[in-house]
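Heads up, the thing below is written out as C-alpha cells.
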Amino acid sequence: MLGMRGMLLALLVVGSAQAAVTDVTLDNGLRVIVQEDHRAPVMVSQVWYRAGSMDEFNGTTGVAHVLEHMMFRGTKTVPPGEFSKRIAAAGGRENAFTNRDHTAYFQQMQKDRLELAMQLESDRMANLVIRDDLFAKEMQVVMEERRLRTDDQPQSVVYEHLMAAAYQESPYRRPVIGWMDDLQHLTAQDARDWYARWYVPNNATLVVAGDVKADDVIALAKRYFGVLPARALPTRKPQDEPAQIGEKRIVVKAPAKLPYLLMAWHAPVLRDWQKDTAPYALQILAGVLSGNDSARLQQALVKTQQIAVSASAGYDAVSRGPGMFMIDATPAPGKSVDELEKAIRDQVGRLQRDGISEAELARVKAQVIAADVYQRDSLFYQAMQLGEYVTAGLPPAALAHRVDKLRAVSVQDVQAAAKQWLQDDQLSVGVLDPQPLQPQTHRAAVPGVRHDN
Amino acid sequence: MTIKSFCVALLLSLPLSAQAALTLQHWQTPQGARVIFVESHELPILDISVDFPAGSARDPAGQAGLAQLTHILLDQGAGGLSDTAIAHRLADVGAELGGSFDRDRAGVSLRTLASAAEKNAALDILTRVLQQPDFPQAVIKREKQRLIAGIREAEADPGTVADKAFYRALYGTHPYAHDEAGEPAAIERLTRAELQRFYRTHYSAPNAVIALMGDISRADAEAIAARLAGGLSNAATVPALPKPGPAAATVQRIAFPSTQSHVLVGAVGMARNDPDFFPLFVGNYVLGGGGFDSRLMHEVRDKRGYAYSAYSYFLPMMEAGPFQLGLQTKTEQTDDALKVAQATLRQFIAEGPSEAELTQAKANLTGGFPLRIDSNKKILEYLSLIGFYNLPLDYLDTWVDKVNAVDVAAVKQAFARHIDPDKLVTVVVGSAR
C-alpha cells in the first residue's frame, strides 16, 4: 500500500540504447513514471489505479469495470461526454481498460497536449459525478458488452467457468466484467462507494511515455494531481489461494461447431524479482511449448500427430494475485477432446522426464532478446509494461532486468519448473461440449427497456 | 481485459504528417516489382512487406479458398526447407514472419534485427518463402483440414455469420461476395497443381509491391528488393477486377442461438481511388467512425444503452468496397435498435454534418495525424498501402490538407452520390422473430 511519502527519485537505465525511466512519488502518494522516447512528436499518458476486479466483493462483481465506464460520464465541471470530446478535438485517442489487478485510463496525443490530458484526468480522479439516470443507461451498455464478449463466445464461457472452478478463495475466480445477475442488481451507490474507496492519488500511478521531458511531466503532475489530498485506503485482505489437492474438471455445453480444451495449472508469479527463479523458467517453458510456429505443441500436436488444429501455451509472470500456466487447444476433425488431452499430458510428461534441449532454450532466448528490441517500436506497449509492473508491486528495475533474468535460465531450471508446477493435483481442465446451432424456441418479443431522453 | 470501446474504425485512410515529414523513396526493380522505402536508423530493426494482388477476389469460379490456401502454404515448406526448419531458423535469429490476407491483397511481412547475421538469415528465409514454396502434398492435406476447421468454428460466431451474409447480399456474383477463407467443399477439391498455378500467375515480380522500412541504407534496400523480386515469376500483372454494381435493397434475418442480434446495414461504398474518398472518410467520422464522437455511438449507446459498439465505416478497396454500419444488441430490442440506426443514417444522408461536427472531425483527424506514423510498423503499412493501391507518393504529405479542405457541402454530396437510403442491405443474425 502506498502511504504518504516524501519525494523519492530513482533513475534507472533500461538497456544501453534506451532512455532512463524516471520514477517519482509525489507528496500525496501519486507515483509518476516517465519513459522518454523522442522518436516521434507524440506521447501516451496513462493513469493506473490499483483497483481491479480482484478488489470487489461478492454481489457487486463488475463494479470496477462499470466505474470505468462512468468515468466518461461527467464530473462537477466537465459535462457527460465532454471528456472524450475535448480529447478528440485535440487530436487525441483515448480509452480505458479494466482487469483483475487494475483499472487504467489513457490518452495518446501530440506531445504538447499532455497538459490537457492531465487536467481532465486529475479532475475525474476527484470530482466524478455518478448520475442515476446515466448509470442506468451505462448498465445496459455493460450488459451488452458481457453478452458480446462472453455469453455468445463459447470459448470465453469455458474460460470464465474454469476460473470459477480452479480458484477457491482467490478473487480471481470472478470474471472481470462481473456475473450477469450482479450486473442486474448493481446500483449507482455501489459505483459511488467504489470510486470513494479507490480513486485517490495514493492508489494511482501516472505513466507517461514519449517525446517529453521528465522534469516537465513531473511539474505538470504536481500542478494538476499534486493538489489532490491523499486518503487512507482500506486494508486489503490477502485472500491467498489454498493449495489445490486434486484435479478439477468442468464441462460447458454451448452452441458451437468444434470442441475446445483448456488446461490450467496453479503457478507462482514474480514477487521478489531478484531472488525468484520459477517465474522466469515458466516463461521460457511457455516459449518452448508455443513460442514459434514449430514450438513443441504446434510441432507435435498440429503438424506431426495432427490431433489438433491449434494449440498454445500461456503464462503471465506479473500479477497481483496468483498465477496460472495454461494450455488450450482445439481438436482436429475426427479427434476427440480426450485424445487431445492425452496427447497434451504426454507432452507435459516428456518435459518433466526429459527436459528441453539446449537448442530449444537458445531459440527461445533469441526470441526474447529480439522482442525486447521490437517492443521499442511501440510507445503504448512500453507504457503498458511499466504500468503493469508497478501496479503489480514490482519496480521498473524488474522490467529493466527482465531479459537478463531470462537469459540466465538453464535447461535444468525449465525441467525443474515443469516437474514442480505442471502436476495433476494442481490442474483444472475445462471442456467445451458443442451443442447444435439450432435456433432457440421462439421467445415472445419482450419490449426492451426504453429510455427517452 | 475489457475495454470500454473498441474502435471499429478499420482505419481506412492513411494520413501522414506535416511535422514529421517522411522521405519516401520509390523505384522499380529490373523485374518490374515496385518498391517503396523509408530509411530510418533510430531502431536496429528492419521491416519488410511484399504484397501481391492475390486475395480471395482472385479465386477462380468454383475454387473459393484457393487464394487463401496458397497464401497459407507459402511458409509451410520452401526452398527445400521443411515447415519446421523454416520456423526454427526464423526463431533462432528472433525474426518474425507474418502474413496478411484480404479480398484484394495477399502479403508476407518480415521483422528482423538489423544486425548482419540476423538480417541475412531472416532474408534467406523470406526469399525462399516468396520464391520457392514447395507445396508439399502432406502439408496441403493438413492445412486444408485446419482451414476448414477454422471456417466451421467461425460458423458458431454470430458476428462472422452476419459478415458473410452481408458481403453475399452486397456483392451477389462479384468476386468480393464470397468469404476470404473460401468454401469448405471447394477447399476439399483443391489440388497441388492448382495451388502451384495460382502461385505462379499471381506471385510474380510485375505484381509485387515491396515495402521496406528501417535500419538499412538505400543501397542495401535496392539489393534486397532486387533479390526478393529476382526469383519471382515474370507473369504479367493481373487484370482489373470487374466493377461491382449497386446492391438491391434486401433484409435478411438469420435465426441464431445467441443472446444478441448482430445487425449490419450497408451498401457498396467506394474504391480506394474514388475522388470522394476524403469527403466520405471525414464525413463518416461524424456518422459512425469517430467512436464516442460519432452520432451512432451517441444515439445507440449513450442515449439509449442499446449496444456496446455502434459504428460505421467505408472500406475502400481496389474496386468499390463496402460501406457498413453495425451494432450488436440483445435480441428482444433488435428492431428498436435497428430503427434508431436507420434513422441516424437517413438523417445524416439528408442533412449532412453540422459545421460544428465537421470542425470537430477535422480537428481530431488532423491533430491525430502524427499518431498514425509514430512507429516503424505503422509507416510500413502506409508504404505497402501506397504501393499496392497506386496512391501518390505525396499521399501522406497532403493528407492533412485534404482533410481540411472537406466542407459540409462536399460531405453531403459525396454521401448522396454513394449511399441511397432506400437501397440498403440489412442483415440481422440472432433475431428471435
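Note that this is a predicted model, so its numbers are computed, not measured. Naming convention: chains lettered A, B, ... in sequence-line order (proteins, then strands); numbering from 1 in each chain. Basis for what follows: all heavy atoms, side chains included, without hydrogens, waters or symmetry-related copies.
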Open item on the list: With side-chain hydrogen bond (donor to acceptor under 3.5 Å, both in side chains) as the criterion, how do B:Gln76 and A:Asp293 come out once you've worked through the C-alpha distance, each side chain's angles and the decisive distance to 0.1 Å?
Closed with: CA-CA 10 Å; B:Gln76 298 297 307; A:Asp293 187 45; 3.2 Å; yes
Task: Side chain, backbone, both or neither of A:Val302 within contact of chain B (heavy atoms, under 4.5 Å) - done: both
Open item on the list: Counting heavy-atom pairs closer than 4.5 Å to chain B, which one of A:Lys257, A:Gln306, A:Gln367, A:Arg39 comes out on top?
Closed with: A:Arg39
- [ ] Please report the closest heavy-atom contact between B:Gly367 and A:Arg113, naming both atoms and the distance.
- [x] CA-NH1, 4.0 Å
Task: Interatomic distance, A:Glu138 atom CD to B:Arg301 atom CZ [nearest 0.5 angstrom] - done: 5.0 Å
Task: When B:Ser375, B:Ala363, B:Ala307 are compared by non-hydrogen pairs under 4.5 Å with chain A, the top option - done: B:Ser375
TODO: First locate atom NZ of B:Lys330, then atom CG of A:Asp151, and finally report the distance between them rounded to the nearest 0.5 Å.
DONE: 12.0 Å
- [ ] With a 4.5 Å cut-off on heavy-atom pairs, point out which of A:Gly81, A:Pro436, A:Gly52, A:Ala88 contacts chain B the most.
- [x] A:Ala88
- [ ] With B:Gln260 as reference, evaluate A:Arg147, A:Glu144, A:Arg146 under the side chain to side chain donor-acceptor pair (under 3.5 Å) test and give the passing residue.
- [x] A:Glu144
Task: Choice from A:Gln299, A:Glu360, A:Gln435 maximising heavy atom contacts with chain B below 4.5 Å - done: A:Gln299
Task: Side chain / backbone / both / neither for B:Asp157 at chain A, heavy atoms under 4.5 Å - done: side chain
Open item on the list: If I compare all heavy atoms of A:Ala370 with all of B:Gly94, which pair ends up nearest, and what's the gap?
Closed with: CB-O, 3.3 Å
TODO: Mind listing the closest non-hydrogen atom pair of A:Pro255 and B:Pro257 along with its distance?
DONE: CB-CG, 3.8 Å
Open item on the list: Which atoms of A:Arg73 are under 4.5 Å from chain B, going by heavy atoms: the side chain, the backbone, both sets, or neither?
Closed with: side chain
Task: Atom pair CD (B:Glu153) and OG1 (A:Thr330), whose distance is rounded to the nearest 0.5 Å - done: 4.5 Å
Open item on the list: Quick one, A:Asp377 and B:Lys378 - any side-chain contact, counting heavy atoms below 4.5 Å?
Closed with: no
- [ ] Return the option, out of B:Ile86, B:Val300, B:Thr112, B:Val93, with the maximum number of heavy-atom pairs under 4.5 Å with chain A.
- [x] B:Thr112
Task: Residue among B:Asp374, B:Leu43, B:Asp83, B:Leu97 with most heavy-atom pairs under 4.5 Å to chain A - done: B:Leu43
Open item on the list: Less than 4.5 Å apart, side chain to side chain, heavy atoms only: is that true for B:Asp293 and A:Lys85?
Closed with: yes
TODO: Evaluate the side-chain proximity of A:Arg376 to B:Asn376: yes if any heavy-atom separation is below 4.5 Å, no if none is.
DONE: no
Task: Close side-chain approach of A:Gln110 and B:Leu371, heavy atoms under 4.5 Å - done: no
Open item on the list: Atom OH of residue position A:Tyr381 - does it have more than 12 heavy atoms of other residues, nucleotides or ligands inside 6.0 Å?
Closed with: no
Task: When A:Val368, A:Asp152, A:Ile369 are compared by non-hydrogen pairs under 4.5 Å with chain B, the top option - done: A:Asp152
Open item on the list: I want to check something: taking the side chain as every heavy atom from C-beta on, are B:Arg89 and A:Arg363 in contact at a cut-off of under 4.5 Å?
Closed with: no
TODO: Answer with yes or no whether the side chains of A:Gln140 and B:Gln333 bring together a donor and an acceptor at under 3.5 Å.
DONE: no
- [ ] Of all the heavy-atom pairs spanning A:Tyr374 and B:Leu113, show the shortest one and how long it is.
- [x] OH-N, 3.3 Å
TODO: Drop me the distance from A:Lys303's NZ to B:Glu143's CD, to the nearest 0.5 angstrom.
DONE: 7.5 Å
TODO: Run the numbers on A:Asn292 and B:His88 for side-chain contact (heavy atoms from CB on, under 4.5 Å), then give the verdict.
DONE: CA-CA 8 Å; A:Asn292 66 77; B:His88 283 175; 4.1 Å; yes
TODO: May I ask you to name which of B:Gln145, B:Glu118, B:His298 has the most heavy-atom pairs under 4.5 Å with chain A?
DONE: B:Gln145
TODO: Work out which heavy atom in B:Pro44 is nearest to a heavy atom in A:Val373; give both atom names and the distance.
DONE: CG-CG1, 3.8 Å
- [ ] Using modelled atom types only, decide if a donor and an acceptor are shared between the side chain of B:Asn364 and the backbone of A:Ala90 within a distance under 3.5 Å.
- [x] no
